[in-house]
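Please read the structure below before turning to the comments.
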Amino acid sequence: MPELPEVETTRRGIAPHIVGSCVTELRVHNPALRWPVPAELPAWVAGQPLHSVARRAKYLLFNFERGSALLHLGMSGSLRLADPASPRRTHDHLEWQFANGALLRYHDPRRFGCCLWSEGAHPQLAALGPEPLGDEFDGERLWQRSRRRTVAVKPFIMDNATVVGVGNIYATEALFNAGIRPDRAAGTISRARYQRLAEEIKRVLAAAIEQGGTTLRDFVNGNGESGYFAQQLSAYGRGGEPCPGCGALLSELRLGQRSTVFCKRCQR
DNA sequence: CTTTCAGCCTGACGGC
DNA sequence: TGCCGTCAGGCTGAAA
């Protein structure tokens, strides 16, 4: 399940192999992603080398001279450089062939992702809040934007208008580390505690990206998914297990239709 | 405006 | 063994 750190790891893994080369062929084996994937490469991409692979929130942007492709990995997507001789797997929906021989395969069993081309701005990016690891995001912003809000703090920090890229795993972890109950109304949390929460969001995401970096070599070789960060999670996926802080059993509830784990003693 | 929620989709897993 | 129900979750768009 690609969260921001996995998307960033993907970006770093593939970019050096394809930047500077042209897409010579696009093969769409199954166009039925979140939005239909265009069957043809847009005419304006022809002969244009890829300038850069950027990331905004959990989106990847493949920037060309005249426009860009916007990719999202959804819940179950992955993007990898493949050996052209290796057979296409089930759910390998898209293939991009580059002039330098690189072959990029998009794999997504649940098909929640997307691949959209645009010469101009992508509307999906229009209303996004700041990047969590940038200077624009801090506790002050969380505090300011949360005043008079009744929504629970967990869905508040998972809202892309507040800050982007904080998915269920890292929201759960950051709230645990900051000692804040996930169901507390966003508007009732102090400035000082939001300061702490912002720091924990940054810390947990940065640590996960660092871990992702170690899977980079596997990635390029196409050796498989890698278990990355899971062993280091304190709360996510551990409902009913002892709290790593106090030993009490971790509680579970659903917030905004998402499973949430927290410690009733350590989080207030 | 804010908040909530259905729906998209497949694979994993538990119960029978 | 296989079938059926449930769950997982990011994001959009619509309803309340």
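So you know, we letter chains A, B, ... as the sequences are listed, proteins then strands, and number each from 1.
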Bend angle of the helix from B:dT2-C:dA16 to B:dC16-C:dG2, end axes from five pairs each (to 10°):
50°
Check: [X] side chain, [Y] main-chain N or O, donor-acceptor pair, under 3.5 Å:
X	Y	value
A:Y194	A:R141	no
A:N168	A:S259	yes
A:H29	A:D92	no
A:Q97	A:A102	yes
A:R147	A:W143	yes

Side-chain N or O of [X] versus OP1/OP2 of [N]: is the shortest distance under 4.0 Å?
X	N	result
A:R145	B:dC1	no
A:H72	C:dC11	yes
A:S259	C:dG9	yes
A:T150	B:dT2	no
A:N160	C:dC11	yes

Presence of salt bridge, A:E200 and A:R203, under 4.0 angstrom:
yes
Is A:R11 salt-bridged to A:E8, going by a charged N under 4.0 Å from an acidic O?
yes
May I ask you to say what A:R148 touches in the nucleic acid, namely base, sugar-phosphate or nothing, with a heavy-atom cut-off under 4.0 Å?
nothing
Mind listing the N/O atom pairs, protein and nucleotides 7-9 of chain B, below 3.5 Å?
residue, atom, partner, partner atom, Å
B:dC9, O4', A:R110, O, 3.4
B:dC9, O3', A:R111, NH1, 3.2

Where the side chain of A:Y236 is defined as all heavy atoms beyond and including C-beta, which of C:dG9, B:dT3, C:dT12 is the nearest nucleotide?
C:dG9
Could you pick out which residue, A:A57 or A:R254, lies toward the 5' side of DNA chain C when each is mapped onto its nearest nucleotide?
A:R254
Is it true that A:E140 and A:Q144 share a donor-acceptor pair across their side chains at a distance under 3.5 Å?
yes
